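Keep in mind that the numbers below use all heavy atoms, side chains included, and drop hydrogens, waters and symmetry copies. Predicted model only: the values in this text are computed from it and were never measured.
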Number of protein chains: 2
Amino acid sequence: MGRVRLVEVARAAGVHPATASRALNPGARDEVNPRTVQRVVRAAEQLGYVPNTLARGLRTSRSFVAALVIPDITNSLFPPIVRGAEQVLSGAGFTLVLTDTNNDPDLERGQVSSMRAHGVDGFIIATARWQDPLLDELAKSAVPVVLVNRRSADAALPFVGGDDQRGVRLSVDHLVAHGHRSIVHLAGPADTSTGRERATAFRAAMREHGLPVRSSVIECASYSEQAGAAAAQRMLRSGRPFTAIVAGNDLLALGAMEVLGAAGRRCPEDYSITGFNDLPFMRKLTPPLTTVQVPLTDMGAVAARTLLDWIGKPDSVRTTQTLLPVELVVRGTTGPAT
Amino acid sequence: MGRVRLVEVARAAGVHPATASRALNPGARDEVNPRTVQRVVRAAEQLGYVPNTLARGLRTSRSFVAALVIPDITNSLFPPIVRGAEQVLSGAGFTLVLTDTNNDPDLERGQVSSMRAHGVDGFIIATARWQDPLLDELAKSAVPVVLVNRRSADAALPFVGGDDQRGVRLSVDHLVAHGHRSIVHLAGPADTSTGRERATAFRAAMREHGLPVRSSVIECASYSEQAGAAAAQRMLRSGRPFTAIVAGNDLLALGAMEVLGAAGRRCPEDYSITGFNDLPFMRKLTPPLTTVQVPLTDMGAVAARTLLDWIGKPDSVRTTQTLLPVELVVRGTTGPAT
DNA sequence: GTCGTTGTCACAATCGATTGCGGTCGAGCA
DNA sequence: TGCTCGACCGCAATCGATTGTGACAACGAC
């Protein structure tokens, strides 16, 4: 614990604690004689004074702590976001508390309220579901909240994500340019904005190319390899022909490839497939995965900055929707239609 | 913020705040009439009372916050550790604050002292270097600290890690059993315990098999693909023959394979290689990586429990060294020596 | 009937820093 | 000389909870 207290610094400098506080506080420093400031600062340094954040927070109701709520940190999608946010936050003197909800809304609710009790100054939330009562509550409260990666249907909160529409369109365009016409979309869960919006974008892109949309979207229960595998199994059983797949994310693509490979379908000879997010190691696979690269670290960083803005001036507009540019990285899993 | 305060609960229940506090606090609850406890508890529920952790912490100097210090969260090694720790901690009513030091000791020092100012109850540190003045300081202070994954030369602190010795021995045994005799070790940096101890274990295992050790250990500057690639380049340039590599971790293995592949060396036909840690997707590579599986989630969980023990009873022995069992997962990158 | 005990609870101090308000002192001006 | 004004700093309240100490009543024992 910060053993030395403000009183001791004050005593060492021969002033009242109040004066010491002001001298140490850039905001109130000009109410104090520069020479006194010098003395106090020197004393503080000499004693190794570190202010007690709890006491300060208690008094000022500012804790310089921001909470980051993540569904599952072991999903490689999130660490870069965490890192981006952490760097911006700690650069601004903020501390990051992380909570992993394990995809459990009840757990999440408890953790968020516990964080509020801890007096965090704001939240970055990466667990938004399409219908999310918790977010509605938060939106009504005064706490600054920024959504990242996923957004919610109606909560009026700022959001920072990737340009999903463009990502999907790029994928479809790429496949169509290679002559594919029977394209299937493995959609993420409908209770996530990414699942819904990527599916919508897929349908729009298909229509623009004059391609049939009917029953070419398969919804997956979750963003996981298992769900992708299950979807691929459904595709095989249905017997419906296809030459290309636009997967809702990399994990779904991986799961599908596993099943299709076991069924004797070779990629990219027999079918093409694209992913989304470009997780680490995707370029190391055989064949390396063609996928949409999303600037995840930036996403975290921008979300953090947005949060800091809000915390800084609480009256600013608080519903900016930031879409970060994405890019299609063409690698080995896509090729000409046969 | 927890809008409703203890005073209001007390007023609603018709008692003094002190009594309300005791009624709400399991430890002191038996100093209060059960009927009164009932009234207070009910009032608290009705008003949705959430205690202000800052105020409580200020008074009790317990914050129920633990800090986890990580060198780089985007390294897939760490998320499982984080997750394991988070689950144990939050299960015990603790909050996890995460700090990513970006492998920068100065940054780390600042962050740790900032955390101390925040009054965290303890640290789990995954950034230990072999010579680590910061850890020596911490060991001398009263703060509970647990080292995870890496340990320090002399800091007398509890440690939770994998059984590196056994992991390396299993790898060497496996390779020798396949007839390999020219085996090279790509060692991690010597300022990490894992780097040193795996190298030591490698030498010991080689000696036991009566194999030459001289100049068969190449130290890498960091645990990264680049460093692995650089090491492989050195190996090629040296012209020294080898048929197998024991890499200090998976990333080194990946980097080496890239360079060796580009040089026309096929795996596992021309050479065998093993990794360490079994990061996600390692089984998805072609060929899938033979590697040592370390129970990372458990590691985080055990570290957290160790920390909680220490926090719970500060007088307990505080230098337990826990080595979690590891396992060699034989996949496609190892085969018979040619 | 008085005294001591026990059970309940109220009072007030405390944790460490911040901040509104007011006091002091010297300079400047009439 | 006397008065005002501003710069500088001290006093004390405050944030919200915890906790040592003591008040008070009921009760049993002598």
Subject >> salt_bridge(B:Arg83, A:Asp72) N-O dist < 4.0 Å >> reply: yes

Original post:
Who are the ring-ring contact (aromatic ring centres under 6.0 Å, His included) partners of A:Phe159, not counting sequence neighbours?
Top reply: none

**OP:** Starting at atom CZ of A:Arg35, determine the distance to atom P of D:dC8, rounded to an integer number of angstrom.
**Re:** 10 Å

Subject >> Electrostatic pair B:Arg42:B:Glu45 at N-O distance under 4.0 angstrom >> reply: no

Original post:
For every nucleotide of nucleotides 7-16 of chain C, 5' to 3': is a protein heavy atom under 4.0 Å from its base (B), only from its sugar-phosphate (S), or from neither (-)?
Top reply: -SSBBBBBBB

Subject >> Over all atoms of both residues, closest heavy-atom pair of B:Phe94 and B:Asp121 >> reply: CE2-OD2, 3.7 Å

Original post:
Rounded to the nearest 0.5 Å, what separation is found between the CG atom of B:Asp104 and the CZ atom of B:Arg109?
Top reply: 11.5 Å

Subject >> Donor-acceptor pair, side chain of B:Glu86 and main chain of A:Thr101, under 3.5 angstrom >> reply: no

Original post:
Would you say the side-chain atoms of B:Thr60 pair up with the backbone N or O of B:Arg56, donor to acceptor, closer than 3.5 Å?
Top reply: yes

**OP:** Assess the side chains of B:Thr95 and A:His118: does a donor N or O sit below 3.5 Å from an acceptor N or O?
**Re:** yes

Original post:
Through what angle, rounded to 10 degrees, does the axis of the helix from C:dG1-D:dC30 to C:dA30-D:dT1 turn between its ends, using five pairs per end?
Top reply: 60°

